[in-house]
Amino acid sequence: MESYLFPFDSLICMLLGISFTVGFTLLLVFIIVPAILGVSFGIRRLYMNSLIKLFEWATLRMERGAREKNQHLYKPYSNGIIAKEPASLEQEIQEMRRGGAEPEFDMSDIFNFCRRGVESIVDDEVTKRFTPEELESWNLLTRSNYNFQHISTRLTALWGVGVLIRYGFLLPLRVTLAFTGVGLLVVQSSIVGLFPNGRMKNYLSDKVHLMCYRICVRALTAIITYHDSENKPKNGGICVANHTSPIDVIILASDGCYAMVGQVHGGLMGVIQRAMVKACPHIWFERSEVKDRHLVAKRLSDHVADESKLPILIFPEGTCINNTSVMMFKKGSFEIGCTVYPVAIKYDPRFGDAFWNSSKFGMVNYLLHMMSSWAIVCSVWYLPPMSRMEGEDAVQFANRVKAAIARKGGLADLLWDGGLKRGKVKEVFKEEQQKLYSKVLVGSSEDRSRS
């Protein structure tokens with residue numbers, strides 16, 4: 001009996017060995033080596049174009065099936081409100097009073113504030129920035145169509161095949177690439193850290209970081225288009241960008257090297273941080289130091305004062321937004337007085353939603369969503385460097401940079417603080433509305449006295 005089993009066991013071992021060798025060779029030739037050399041064979045873009053045609057076909061089938069069954073396609077974020085041109089508070093109150101009485105206060109003013117409050121609840125321009133962006137076509141992911149149901153047998157079969165491809169092939173491959181990229185980053189950064197400070201160490205550090213980040217980009221099947229590379233950030237400056245996801249760092253760092261800023265962590269993240277700082281002067285703060293604005297500003301100023309150090313990468317919003325808008329920039333990074341390099345990042349949600357709702361999903365769950373999506377497709381625009389103008393304070397400078405990023409990325413420019421995702425409205429915003437109403441009353445009184 002054993003004589004029959006032995007050849008069979010040997011055959012199994014030989015097939016496993018051949019499969020491993022072939023798999024590793026393909027991984028090395030098509031992913032790791034191109035990442036080292038910074039080249040691409042165009043396979044991901046071909047894959048992206050094929051997906052676009054597939055999504056268009058699936059959407060047409062879905063609409064046709066819904067019409068045949070007299071069903072309405074569900075759009076999760078449609079609220080039925082007809083958008084109107086924004087009007088000033090004075091115009092709204094005059095409309096409510098219908099040009100009748102001219103007292104300093106009228107009971108009808110109350111209804112105007114009630115109406116604005118109800119409109120804000122139903123169509124809140126802040127809260128909806130922390131929910132996934134609505135899609136115009138279905139991308140064969142149930143997470144993007146909460147009312148997914150059987151429309152046609154062919155469409156359901158296609159969705160099932162997609163599940164098998166994403167979870168049976170793409171997910172294991174991407175996890176393998178992610179561990180490969182992170183592992184190489186830790187090991188090689190630690191080795192580079194043994195070199196004395198100088199040009200050789202900086203050169204090796206740049207090459208190691210670029211290679212590892214490019215492997216991590218391939219772990220997400222990220223297809224990135226970089227525009228206006230002549231404006232890429234330079235040493236001695238600060239790079240600021242809109243923030244959608246933790247992978248924003250990987251997206252930017254795969255095209256250039258940056259000094260990262262962040263809080264010291266424990267666990268695996270702490271191991272990565274300690275290895276990275278050995279090869280490159282990143283700026284990590286202890287938990288007790290983060291709230292010390294003067295200490296943070298000093299360390300940032302000292303870093304940008306040395307033009308031999310890499311540009312600092314900062315996301316001034318301080319939280320992740322769903323890539324439909326840019327919210328208030330914190331003024332800290334604009335008080336330093338150095339050159340600021342704005343960068344606009346715009347994701348294509350058809351292939352996978354890059355937005356991280358940290359109040360709803362943990363990091364592991366979020367990464368699982370990313371790696372089980374079809375792909376991550378985005379465009380990156382490097383804007384011309386900007387400096388603080390004479391007589392301009394840090395807040396005005398931050399708003400000017402924010403507006404430039406919003407225009408380039410096709411995003412809405414909002415003045416609201418992204419911290420409203422977890423906190424309450426600040427008293428300053430309430431007082432601002434009270435001041436506006438006071439001006440309306442004072443203005444009406446002055447007009448009446450003149451007449």
- Message: Would you say that C378 contacts D348 through its side chain, given a criterion of any heavy-atom pair below 4.5 Å between the two side chains?
- Response: no

- Item | Backbone of F329 reached by a side-chain donor or acceptor of E317 within 3.5 Å | no

- Within 6.0 Å of CE in M200, more than 12 heavy atoms from elsewhere: no

- Charged N-O contact under 4.0 Å between E392 and R400: yes

- Item | Candidate pair W356 and M363, rule side chain to side chain contact (heavy atoms under 4.5 Å, CB included), full reasoning | CA-CA 8 Å; W356 180 36; M363 178 60 77; 3.9 Å; yes

- Message: Strictly distance-based, threshold 3.5 Å: is any side-chain N or O of K402 a donor or acceptor partner for the main-chain N or O of P316?
- Response: no

- Message: I need the minimum non-hydrogen distance between I247 and A354, along with the two atoms involved.
- Response: CD1-CB, 4.3 Å

- Task: Could you point out which residue of C239, P233, C257 forms a side chain to side chain contact (heavy atoms under 4.5 Å, CB included) with L313?
- Result: C239

- Message: For a side chain to side chain contact (heavy atoms under 4.5 Å, CB included) check, start with the C-alpha distance between I336 and I238, then their side-chain angles and the critical distance, and finish with the verdict.
- Response: CA-CA 9 Å; I336 298 175; I238 293 179; 3.6 Å; yes

- Query: Looking only at heavy atoms, which two atoms of S373 and L170 are closest? And how far apart?
  - Reply: O-CD1, 4.5 Å

- Decide yes or no for H227 and V380: does some side-chain heavy atom of the first lie under 4.5 Å from some side-chain heavy atom of the second? no

- Task: Check the pair I215 / V182 against side chain to side chain contact (heavy atoms under 4.5 Å, CB included), numbers first and verdict last.
- Result: CA-CA 9 Å; I215 293 176; V182 173; over 6 Å; no

- Message: Taking the side chain as everything from C-beta on, heavy atoms only, tell me whether I321 gets closer than 4.5 Å to N242.
- Response: no

- Item | Heavy-atom donor-acceptor pair, Y213 side chain to V208 backbone, under 3.5 Å | no

- Query: Side chain of D353, backbone of P349: donor and acceptor closer than 3.5 Å?
  - Reply: no

- Does I376 reach the side chain of I223, with side-chain heavy atoms less than 4.5 Å apart? no

- When rounded to the nearest 0.5 angstrom, what distance separates CE in M260 from CH2 in W284? 7.0 Å

- Message: Other residues, nucleotides and ligands only: do more than 12 of their heavy atoms fall within 6.0 Å of NZ on K298?
- Response: no

- Look only at the side chain of K232 and the backbone of D255, and say whether a donor-acceptor pair between them is shorter than 3.5 Å. yes

- Does any N or O in the side chain of N49 come within less than 3.5 Å of the main-chain N or O of R45, such that one atom is a donor and the other an acceptor? yes

- Message: Quick one about S245 and Y366 (side-chain donor to acceptor, distance below 3.5 Å, no hydrogens or angles considered), yes or no?
- Response: yes

- Query: So do the side chains of V192 and K278 get within less than 4.5 Å of each other, counting heavy atoms only?
  - Reply: no

- A219 and A178: which non-hydrogen atoms are nearest, and at how many Å? CB-N, 3.6 Å

- Task: Could you tell me whether Y47 atom OH has more than 12 heavy atoms of other residues or ligands within 6.0 Å of it?
- Result: yes

- Looking only at non-hydrogen atoms, find the nearest pair between K346 and N323 and report the distance. NZ-O, 2.8 Å

- Criterion ring pair (Phe, Tyr, Trp, His ring centres under 6.0 Å) on H282 and H209, from CA distance to verdict: CA-CA 12 Å; H282 299 286; H209 280 77; 5.7 Å; yes

- Task: Verify side chain to side chain contact (heavy atoms under 4.5 Å, CB included) between R214 and L210, making sure each step is shown before the conclusion.
- Result: CA-CA 6 Å; R214 285 168 180 166; L210 283 173; 4.1 Å; yes

- Query: Would D393 and R388 pass as an ion pair if we require N to O under 4.0 Å?
  - Reply: no

- Item | Residue pair L368 / L171, side-chain heavy-atom distance below 4.5 Å | yes

- Task: Decide whether T221 and R174 meet the rule of one side-chain donor and one side-chain acceptor closer than 3.5 Å.
- Result: yes

- Query: Out of curiosity, I405 CD1 to I345 CD1, how far, rounded to the nearest 0.5 Å?
  - Reply: 9.0 Å

- CD1 of I224 to OG of S254: how many Å apart, nearest 0.5 Å? 4.0 Å

- Query: Are any side-chain N or O atoms of S205 and backbone N or O atoms of A279, one a donor and one an acceptor, separated by less than 3.5 Å?
  - Reply: yes

- Message: Please find the pair of heavy atoms, one from A241 and one from F315, that lie closest to each other, and give the distance.
- Response: O-CD2, 3.5 Å

- Atom CZ of F355 and atom CE of M370: how far apart are they, to the nearest 0.5 Å? 10.5 Å

- Hey, is NZ on K201 packed in by over 12 heavy atoms from elsewhere, all under 6.0 Å? yes

- Going by atom types only, do T180 and R218 share a side-chain donor-acceptor pair under 3.5 Å? no

- Query: What heavy-atom pair brings Y341 and P385 nearest, and what distance separates the two atoms?
  - Reply: CE2-CB, 3.6 Å

- Message: For the backbone of S372 and the side chain of R166, can you confirm whether one donor and one acceptor N or O come within less than 3.5 Å of each other?
- Response: yes

- Query: Is a donor on one side and an acceptor on the other found under 3.5 Å between the side chain of S189 and the backbone of V186?
  - Reply: no

- Task: Could you tell me whether a side-chain N or O of D228 sits under 3.5 Å from a main-chain N or O of L383, the two making a donor and an acceptor?
- Result: no

- Message: Quick check: do C320 and T244 have side-chain heavy atoms less than 4.5 Å from each other?
- Response: no

- Message: Are more than 12 heavy atoms, taken from residues, nucleotides or ligands other than F195, located less than 6.0 Å from that residue's CZ atom?
- Response: no

- Query: Got N202 and L310 here, is their nearest side-chain heavy-atom distance under 4.5 Å?
  - Reply: no

- From I312 atom CD1 to C338 atom SG, the distance as rounded to the nearest 0.5 Å: 7.0 Å

- Task: Using only heavy-atom distances, determine whether the side chains of N322 and Y347 contain a donor-acceptor pair under 3.5 Å.
- Result: no

- Message: Rounded to the nearest 0.5 Å, what separates atom CG in L414 from atom OG in S325?
- Response: 4.5 Å

- Determine whether more than 12 heavy atoms belonging to other residues, nucleotides or ligands lie under 6.0 Å from atom CD of E230. yes

